[in-house]
4 protein chains.
Amino acid sequence: MEFHSQQAIFLQIANLLTDGILEKKWAAEERIPSVREMATSIEVNPNTVMRAYTFLQDQEIILNKRGIGFFVATDATVRVIELKRQEFITQEIPRLARTLKLLNLSLEDVRKLINQTEG
Amino acid sequence: MEFHSQQAIFLQIANLLTDGILEKKWAAEERIPSVREMATSIEVNPNTVMRAYTFLQDQEIILNKRGIGFFVATDATVRVIELKRQEFITQEIPRLARTLKLLNLSLEDVRKLINQTEG
Amino acid sequence: MEFHSQQAIFLQIANLLTDGILEKKWAAEERIPSVREMATSIEVNPNTVMRAYTFLQDQEIILNKRGIGFFVATDATVRVIELKRQEFITQEIPRLARTLKLLNLSLEDVRKLINQTEG
Amino acid sequence: MEFHSQQAIFLQIANLLTDGILEKKWAAEERIPSVREMATSIEVNPNTVMRAYTFLQDQEIILNKRGIGFFVATDATVRVIELKRQEFITQEIPRLARTLKLLNLSLEDVRKLINQTEG
DNA sequence: GTGGTCTAGACCACC
DNA sequence: GTGGTCTAGACCACA
């Protein structure tokens with residue numbers, strides 16, 4: 001597993017999980033890989049995985065059953081979407097608006113750039 | 001002056017300057033505030049301001065005349081635009097594409113969100 | 001059955017039993033539910049129930065008749081009260097004293113809070 | 001510095017700080033000892049201190065200025081009192097009420113026990 | 001100097 | 001087996 005260095009690894013792991021939840025890779029109330037399993041599978045220290053899990057647990061996206069493991073919260077999808085949406089609106093949108101203005105680009109230009117990137 | 005903790009302060013200062021250049025707050029070849037002036041006015045360690053200036057100097061957006069001060073480069077505007085454009089294409093666009101997909105949003109939704117933010 | 005995660009589940013089960021004994025839910029020398037019965041009824045691993053039973057057996061609050069089951073000890077009530085009293089004096093009282101001092105509350109305030117909770 | 005083993009050390013450190021704030025040991029907006037200073041003074045690993053600080057930062061009781069240190073939040077006292085008060089009401093009071101009932105003790109008995117402990 | 005992150009490895013209570 | 005905590009030590013970006 002490859003990580004980029006711009007963002008803390010534990011946050012990248014957290015995103016891995018939230019994205020997986022949105023993509024229904026893990027259903028609600030389903031058990032996710034144990035800290036140790038995840039750590040070996042992505043070749044990272046268990047402490048780092050633990051930090052990602054704790055981070056998500058604080059946001060009630062996953063929860064822990066003592067001695068059994070971590071589970072996707074019942075309303076995890078809703079929470080994740082709400083969280084990402086908030087981040088998008090408060091951080092991405094203002095930055096985007098500002099950049100478009102500064103660079104004098106239209107949303108049509110953005111559409112083209114996105115297509116180029118994906119193509 | 002308030003800084004958010006998500007990004008290095010020296011980068012926030014650099015943005016302050018590049019935005020000012022695009023907004024013609026400082027014209028080409030004009031002198032910008034000295035490191036010390038800037039440091040006291042925004043209440044930041046002079047080393048941090050120096051780092052921002054050096055960062056912009058490396059990209060030839062500002063240049064230093066020894067013993068006199070820092071000046072906006074002749075073609076600063078062009079360079080800034082190019083810099084921001086590169087950042088936009090390599091970082092903003094991929095992130096935007098991914099978020100739109102995950103949250104199932106269209107560019108039309110983005111247009112509305114931008115208008116809401118500005119309105 | 002819901003457990004909070006702040007305390008070990010086996011201790012929560014033990015409290016369930018001691019409270020039941022004080023409330024005369026099970027009389028002295030009466031048989032309490034088997035480990036398996038208890039485990040299925042409260043949806044917990046049998047090992048965990050066993051640990052709670054062993055814990056109480058060590059304090060001679062319940063006792064085991066091989067092949068028959070666990071029984072409330074003859075003087076269980078006395079022992080439970082003594083146990084809880086000890087815990088109360090050594091743990092609850094010091095914590096209470098400290099909190100009252102920090103929050104600048106009187107015992108009269110405590111009386112009101114208790115009444116509110118119950119009312 | 002002595003810690004008891006019933007509670008995680010990082011939580012005991014956090015309490016050390018919140019108690020210190022209530023006792024005006026550190027005023028609002030004042031800098032608290034750096035992670036390393038605290039670590040050496042109480043003879044604990046810096047990571048453990050870091051965890052306590054992060055824990056308090058999450059609750060906006062202390063805040064961090066990049067490269068400078070941690071500072072007591074402006075409204076830290078209010079937050080701490082509210083936090084402790086909530087804990088007291090939701091956790092201590094119900095437990096106390098239950099224990100008093102089970103042990104058939106009055107608040108007058110509690111008063112005596114507190115005095116004995118302190119005396 | 002400051003915090004922030006990560007690794008490696010250990011020990012523990014608990015299920 | 002599970003998570004939870006702690007230590008030791010390292011490296012990094014930043015002020």
Side-chain angles (χ1 to χ4, degrees), chain A residues 3 5-13 31-39 42-55 57 62-71, chain B residues 3 5-14 35 39 42-52 54-55, chain C residues 3 5-14 35 39 42-52 54-55, chain D residues 3 5-13 31-39 42-55 57 62-71:
Chain A
F3 297 100
S5 58
Q6 297 162 17
Q7 197 183 21
I9 292 179
F10 84 91
L11 288 176
Q12 297 181 54
I13 297 173
R31 185 170 173 279
I32 62 174
S34 80
V35 172
R36 287 162 167 83
E37 281 168 13
M38 180 64 88
I42 61 180
E43 294 178 317
V44 148
N45 187 292
N47 285 337
T48 307
V49 175
M50 185 57 150
R51 185 158 182 194
Y53 281 25
T54 306
F55 177 74
Q57 190 182 21
I62 62 178
L63 49 88
N64 173 263
K65 296 189 188 172
R66 293 183 68 120
I68 305 178
F70 282 91
F71 293 76
Chain B
F3 296 99
S5 56
Q6 298 162 15
Q7 197 184 18
I9 291 178
F10 86 89
L11 288 175
Q12 297 181 54
I13 298 173
V35 172
I42 60 180
E43 292 178 318
V44 147
N45 189 305
N47 287 337
T48 308
V49 175
M50 190 56 186
R51 185 153 183 189
T54 308
F55 176 74
Chain C
F3 297 99
S5 55
Q6 298 162 15
Q7 197 184 19
I9 292 178
F10 85 90
L11 287 176
Q12 296 181 53
I13 298 174
V35 171
I42 61 180
E43 293 178 318
V44 147
N45 189 306
N47 288 337
T48 308
V49 175
M50 189 56 187
R51 185 153 184 189
T54 307
F55 176 75
Chain D
F3 296 101
S5 58
Q6 296 162 18
Q7 196 184 21
I9 291 179
F10 84 90
L11 289 176
Q12 297 181 53
I13 297 173
R31 185 170 173 279
I32 62 174
S34 80
V35 173
R36 289 163 167 82
E37 281 168 10
M38 180 64 87
I42 61 180
E43 293 176 320
V44 147
N45 188 292
N47 285 337
T48 306
V49 175
M50 186 57 150
R51 187 158 180 193
Y53 281 25
T54 306
F55 178 74
Q57 191 181 22
I62 61 177
L63 49 87
N64 173 262
K65 296 189 188 172
R66 295 183 68 121
I68 305 180
F70 282 92
F71 293 75

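- Between A:I62 atom CD1 and F:dG3 atom C1' there is a gap of 11 Å when expressed in whole angstrom units.
- In this structure, D:Q6 places its CD atom 17 Å from C1' of F:dG4, rounding to the nearest Å.
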- request: For DNA chain E, just give me the dot-bracket, please: Watson-Crick or G-U, both distances below 3.5 Å, ( ) intra-strand, [ ] crossing earlier pairs, | paired with another strand, . unpaired.
  value: ||||||||||||||.

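- Shown here for B:P46 and B:A39, the closest heavy-atom pair between the two residues is CA-CB, 3.8 Å.
- Remark: C1' of F:dT2 and CG of A:N64 are 8 Å apart, rounded to the nearest angstrom.
- With rounding to whole Å, D:I13 atom CD1 is found 10 Å from F:dC6 atom C1'.
- Side-chain contact between D:P33 and D:Y53: present, with at least one pair of heavy atoms (C-beta onward) separated by less than 4.5 Å.
- For C:Q7, the side-chain contact (heavy atoms from CB on, under 4.5 Å) partners two or more places apart in sequence, or in a different chain, are C:H4, C:L11, C:Q12, C:N15.
- Rounded to whole Å, atom C1' of F:dG3 lies 10 Å from atom CD of A:Q57.
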statement: With sugar-phosphate taken as primed atoms, P, OP1 and OP2 and all else as base, the protein-contact string of nucleotides 7-15 of chain E at under 4.0 Å (heavy atoms; B, S, -) is BBB----BS

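- Scanning both residues, A:R31 and A:G69, for their nearest heavy atoms gives NE-CA, 4.1 Å.
- With sequence neighbours excluded, the residues forming a side-chain contact (heavy atoms from CB on, under 4.5 Å) with A:T48 are A:I9, A:F10, A:I13, A:V44, A:N45, listed by chain and number.
- Distance OH (A:Y53) to C1' (F:dG4): 15 Å, rounded to an integer number of Å.
- A search for ring pair (Phe, Tyr, Trp, His ring centres under 6.0 Å) contacts involving D:F3 returns nothing, not counting sequence neighbours.
- Considering only residues two or more places apart in sequence or on other chains, A:M50 meets the side-chain contact (heavy atoms from CB on, under 4.5 Å) condition with A:V35, A:T54.
- Between A:K65 atom NZ and F:dT2 atom C1' the separation is 14 Å, expressed in whole Å.
- Put simply, CZ on D:R31 is 15 Å from P on F:dA15, counting in whole angstrom units.
- Using a 4.0 Å heavy-atom cutoff across all strands shown, D:E37 reaches sugar-phosphate atoms only and no base atom.
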